[in-house]
Amino acid sequence: MDTYELLTRNTDEVVVEDEVRELAQDPDGKRVYVGYEPSGVLHLGHLLTANKLIDLQDAGMEVVVLLADVHAYLNDKGTFEEIRETAERMRAQFLAYGLDEERTEFVYGSDYQLEEDYTLDVHELELSTTLNRAQRAMAEIQSGETAKVSHVVYPLMQALDIEYLDLDLAIGGMDQRKVHMLMREELPAIGYEARPVLHTPIVADLTTGDGKMSSSEGITISMEDSTEELEEKVNSAFCPPTRDPEGDLENPVLELFEYHVFPRFEEVVVERPDEYGGDLTYESYETLATDLESGELHPADAKGALASSLDELIAPGRDVLSEMRA
RNA sequence: CCGCCCUUAGCUCAGACUGGUAGAGCAGUCGACUGUAGAUCGACUUGUCCCCCGUUCAAAUCGGGGAGGGCGGACCA
């Protein structure tokens with residue numbers, strides 16, 4: 001696989017292609033980041049961007065994970081002390097998941113976001129950004145809720161982080177698109193350079209296949225799920241035997257294979273009773289998806305394989321979590 | 001600082017005028033049917049009616065006070 005393809009596989013959007021192609025020429029030692037609001041337990045959404053980070057490390061890049069404590073504070077997620085504590089747990093889970101400790105730098109937002117230069121730059125961005133724009137860029141704000149001042153400062157800081165962490169590339173989910181576009185536009189306006197961005201897909205809601213926003217309420221698979229919980233959740237997932245269900249729906253089971261399983265495993269073995277034809281082995285997402293559509297692979301069997309693959313991915317983080325709690 | 005509106009199930013809300021301790025839709029749970037899920041049937045669950053005080057035999061409902069949220073006016077320093 002060539003470097004550009006490794007950098008951009010399983011992404012929904014590359015902003016912009018030329019800049020990323022240039023990066024692909026010489027990725028060694030280049031710095032890429034993703035920022036997370038500390039949350040106690042990682043879920044599949046976090047792991048999707050983590051998969052991308054692993055790809056980028058494989059390409060030779062240095063990864064910076066921003067544990068965005070100040071952002072979490074601005075989003076009313078608790079006291080700094082509480083936030084720092086969950087951030088530590090988050091860090092441990094990322095390492096357990098497979099990020100290379102040697103080439104991953106974990107940075108707290110509060111390490112630099114409270115300094116004078118940074119603060120003044122935030123104010124400069126406030127000066128040139130309309131309320132409307134900032135509010136639309138704020139992905140985290142609850143729909144129906146009215147924005148606090150903290151909510152509109154939040155995306156401005158995200159934009160600035162990309163300058164202050166001295167990055168060559170930023171990544172984030174498609175939900176971060178508007179922030180990144182704001183960054184592309186506003187950083188040059190205050191004398192900094194806009195950086196290229198990769199956007200990872202947002203996996204559809206497991207139970208409904210609805211790819212739209214509401215995933216916060218649906219069932220999520222997290223690092224603390226037991227093997228049994230995982231099986232139950234996967235089994236209850238929406239899974240018609242097609243990769244393109246009617247309407248706007250997606251097939252979340254296939255998506256999980258595509259974005260979580262195949263990027264991390266060479267092959268996937270579907271265990272199947274002899275009655276249904278015996279075991280199957282897949283080396284690529286494409287062949288598995290094709291078989292699901294043709295009926296060669298029954299959704300129930302696919303789910304079994306998905307659950308055990310996910311279990312394997314999550315197990316190290318789950319162990320770390322239970323150790324930290326003991 | 002002034003004025004108006006809102007607060008009832010997880011969510012959106014009805015009920016308030018004409019007091020009798022609460023309803024709908026959606027969500028959720030459980031079965032049936034599918035070798036998964038969904039769809040479709042069938043059943044079921046859900047409450048500090050924002051808080052306090054008062055009136056009353058009886059308050060979600062009436063009166064007073066308070067809290068939280070939303071909107072507007074005023075101010076043009």
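Heavy atoms only: backbone and side chains are in, while hydrogens, waters and symmetry mates are out. For clarity, every value in this text was computed on a predicted model and none was experimentally measured. Proteins come first, then strands; the chains are lettered A, B, ... in the order of their sequence lines, and each starts at number 1.
A cation-pi arrangement, defined by a distance under 6.0 Å to the six-membered ring centre and an angle within 45 degrees of its axis, is absent between A/R91 and A/Y108.
Judged by Watson-Crick or G-U wobble contacts below 3.5 Å, the nucleotide B/rU48 has no partner. Figure legend. B/rG35 is base-paired to no nucleotide; pairs are counted as Watson-Crick or G-U wobble with both atom distances under 3.5 Å. The partner of B/rC57, taking Watson-Crick or G-U wobble pairs whose two distances both stay under 3.5 Å, is B/rG20. In this entry B/rA77 has no Watson-Crick or G-U wobble partner, no candidate having both defining distances under 3.5 Å.
Rounded to the nearest Å, the gap between the P atom of B/rU56 and that of B/rA67 is 28 Å.
For the residue pair A/S39 and A/R89, no side-chain donor N or O sits within less than 3.5 Å of a side-chain acceptor on the partner.
Checking B/rG35, B/rG38, B/rU36 against every side-chain atom of A/F238, the shortest atom distance belongs to B/rG38.
Residue A/L292 contributes atom CG, which lies 14 Å from atom P of B/rA37 at whole-angstrom precision. Counting to the nearest Å, the P atom of B/rG35 and the CD atom of A/E296 are 18 Å from each other.
At a threshold of 4.0 angstrom between heavy atoms, the contacts of A/P241 include nucleobase atoms, whether or not backbone atoms are also involved.
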Self-check item: Working for salt bridge (Lys or Arg N to Asp or Glu O under 4.0 Å), residues A/E286 and A/R243
Solution: CA-CA 10 Å; A/E286 277 308 314; A/R243 55 176 104 194; 3.2 Å; yes
